Structure formats: structure tokens, C-alpha cells
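Some notes on the structure that comes next.
All of these numbers come straight from a predicted model, not from anything done at the bench.
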Amino acid sequence: MINTDSCSVNADGLMPVAAAMAKIRAGLQVIKAQETVDLPHALGRVLASDVYSAIHLPYERNAAMDGYAFASADAHPQQAFALHVVGTSWAGRPFKQALQAGQCVRIFTGAVVPDGADSVVMQERVTVTGDVIVFPNDCRLRENIRAAGEEVKQHSLLLAAPKVLTAADLALLAAAGIAQVAVKRQLKVGFFSTGDELVSLGQPLASGQIYDSNRYLLQGLLTEPCVNIHNLGVIADDAVLLEQQLKTAATQLDVIISTGGASVGAADYVAAVLQRCGEVSFWKVAIKPGKPLLFGHLDDCVFFGLPGNPVAVMITFDKFVKPALQQLCGYPSLKPLQIQAISTSVLKKTAGRQEYQRGILRQDEKGQFTVQSVGKQGSHLLSSLSHANCYIVLASDCAGVNSGDWVTVEPFAVLI
Ligand code: AMP
Ligand code: MG
């Protein structure tokens, strides 16, 4: 008998999805170590400490458009007025002198506004005759100048940690002249498949064998900037071997994920092995597919024993493993985007377990969302997963859906 928290399980010995997630969250510590990386390697990583700007942004006062810069004191209210153009301020080549009374300069977007000037008027609004520029009677004063520090003041906060760095963040850091940032170190995540029937690609299949597809699924699901992936291969249905490999891997990794062998068949050893060499936090969740999910620890290493069927692997990964990895990496808490859509299919379901059926979400010309079932929902049907673009989330007490009913849908991989 595996020891799990009997208070949290329901009458079938299954842990409700929310309780399982809460147990996982409570069992995780955000990794402390950080490293410094160059900006091109920082995309998608988690910022480890706040970043302050050493300079004003903009660095200096500059023009917001191509035009003419002058002092508003030289302008006539409600009357056209003329000024002498005495030079040009280019982006990268400023006009160095201060403006005198009656003068203006030609100026281009981003160019430094010379001392003495406080207004820029768009070039399309003036009339040029030699070096005399005539401004119209209705030109607006003290506009079209970006103040120094208008966006970010020198020494003020540029980016607050923790934050998953986006392309815009990298551009902001670059604008402030920052070439490197401190990010959380990558999470070391290993995964392996279990099963005597599994054959690796490149070898022919004998009767009774199947190709190992789960490792390709996990490789794809784990490919994230914050994760350092370790593919640990296939382990046979052998408790001694499994224990050896688990113990060795646990000394080197932050997280281990296995697939298969987590159920209650005679060749399913994963739960018993974890019980022997680590600690089982829970086993079996009220979710479909994915019921045999196992969660625990081997010393400081977090362990997820996922089911063998590929659809169950993806669902348990999305619902439990992915949020756990994000928590370990220090991501701010994110949830899947949920949308209400009209089901265009009849969905069969028996009450008891929260179900994630696979569907195809569409939006019509009027903006209305509809979702169609991909058809058969067997947890071995990888092609159904491949055709789908969303989960249809059916609560544990739901006993089926008619065509035309509203349902909750989660598009794949959209977190907010
Ligand atoms: P198990 O939980 O080990 O009984 O596996 C459940 C089902 O998933 C069985 O039909 C297995 O053959 C299948 N399965 C297990 N591991 C994999 C894998 N790595 N790739 C594809 N199918 C698998
Ligand atoms: Mg198996």
C-alpha cells in the first residue's frame, strides 16, 4: 500500500485535480541560483533581480518629428511669424550652439533639440524661402519634444524581478545600455520512458513492440529557454534497474519525469520504486485521461510519474508538470486562458473525473467561438492530439454535453 494523503482523496481513492495541484505547489521551492547571461541568451529566461537604469530614457531632449525647432518666445500668438534657419540638428549629429532670438534650426526625428528651443513644428506646416522659415498663425507651441528621462528616469526601476524576459524587455535593456542580466539558472529536467514493448526509432518492430513516442512528445513540450533537457532513454520493466537509474538521475537533476509503468498492472513498478527510494506525495488523480499520475520526491529532486498513453502524457504534463516547472523557475503565477464556446458536437462523459477532451476551436466572422470534438477520445490516439488545437474542459460532475451547449475551452499553450 502506497502512503498518500488520505484526507485529500475522494471515495474512489483519487485526488481531485485542484487538491493535486495544491500539493504539488506546496512541495516546490523556487531555485535560488542565478547566472549572468548576454542579452541574446536572455529571451524567455526569468529575471532574477531588479534592473535599474543608469541613464535617462530618452538620454537627451530630442525631436518627435522632422521639422523646425525654435523658442516659443519668438512666436507670435495668433499670427504667422518668420525665423532665420541657422543650421541643422541631425539624429547623431546635434546642432551644438544655443539658439539666439529670431533663429530656428532644421531638425530630424530623434535629433537633440538645441538649448534655447522649446518647440518643434512639423516641416509640412512651414513655408521655406531661402533661409527664412514662415510658421503659420495656428502652430502649436511647446510640442513635439521628448523630454530627457520622460520614459525612464536615471537610477529608476527598469524591470522588476521575477519576470519572463520578452523581446520587448531585451530591447528596453539594450536602450538603457545594459548588455547582460542576472537570470535564474536553467532547471535540469530529465525524462525517460519505461516499458519492455518500447523500441527506439531506426529499429524494426517485432510483434508486440511499439515505437517510443513519449520521449519525442516530452522533448517538444520541455523545449523552453528555462529548461535544460536530459533525455535518459528507455528503461525496461525491471524494478531493480528502475531504482538504480532513478537514484543516479536524482543526484544530477532538479526534476525527473517518467512515462508508463505508473498504473496498477503487474509490470508497473514506478510507484513502488519511488516509495522505496524516495517519497510518494500522491498517486492517482480524478482526471481523464491521466488517472495514474504519481508525484513525489527523491531527496531534493522532484519526481513526476506520468501515465504511458501519449494523450495522458500531454494532459498531465500541461496540467501538472508545466505549472510546477514554471514555479521552480520563478515564473509569476500563470493560468491557461479559458474561453466559452458553443460545442458543435455531442460529448460523451460519465460523472466522476474532470475531463480534458480534445477539440478544434474556431472563431466565425462575427467573433463567435465554436468547438468541435476531434472524435474518438481514447488516450492512445496521438493523431487526435495532433488534429486538436484545444482542450474542452468538462467538470467532474458533468455527465455529457449536447450539441449547442456552451463549454469551457482552453486553447493549447496560451497562458495569461
Ligand atoms: P503503461 O502505463 O506502462 O501500462 O502504459 C500504458 C499504455 O501506454 C500501453 O499501451 C503502453 O504500450 C503505452 N506506452 C507506454 N509508454 C509509451 C511510450 N513511451 N510511447 C508510446 N506508448 C507508450
Ligand atoms: Mg508499461
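- Applying the salt bridge (charged side-chain N to carboxylate O under 4.0 Å, His left out) rule to Arg45 yields the partners Glu35; only residues at least two apart in sequence or on another chain are considered.
- Among residues two or more places apart in sequence or in another chain, the side-chain contact (heavy atoms from CB on, under 4.5 Å) test is passed with Ala250 by Ile256, Leu298, Cys301.
- A salt bridge (Lys or Arg N to Asp or Glu O under 4.0 Å) check over residues 373-392, counting only residues at least two apart or in different chains, returns nothing.
- By the side chain to side chain donor-acceptor pair (under 3.5 Å) test, Thr370 is found to be paired with no residue, residues two or more places apart in sequence or in another chain being considered.
- Residues meeting the salt bridge (charged side-chain N to carboxylate O under 4.0 Å, His left out) test with Asp268, sequence neighbours left out: none.
- Glu243 pairs by the salt bridge (charged side-chain N to carboxylate O under 4.0 Å, His left out) definition with Lys247, Arg276, not counting sequence neighbours.
- Take Thr259 and apply the side chain to side chain donor-acceptor pair (under 3.5 Å) test, not counting sequence neighbours, and it matches Asn214.
- For residues 407-416, the pairs satisfying salt bridge (Lys or Arg N to Asp or Glu O under 4.0 Å) are Lys319-Glu410, with sequence neighbours left out.
- The salt bridge (Lys or Arg N to Asp or Glu O under 4.0 Å) analysis of residues 141-167, with sequence neighbours excluded, yields the pairs Arg140-Glu143, Lys163-Asp169.
- Under the side-chain contact (heavy atoms from CB on, under 4.5 Å) criterion, Cys104 pairs with Tyr68, Phe70, Leu83, Val85, Ile133, Phe135, sequence neighbours left out.
- With sequence neighbours left out, Ser200 forms a side chain to side chain donor-acceptor pair (under 3.5 Å) with Arg215.
- Looking at residues two or more places apart in sequence or on another chain, you find a salt bridge (charged side-chain N to carboxylate O under 4.0 Å, His left out) between Arg125 and Asp138.
- Checking side-chain atoms of Trp283 against main-chain N and O of Leu293 turns up no donor-acceptor pair under 3.5 Å.
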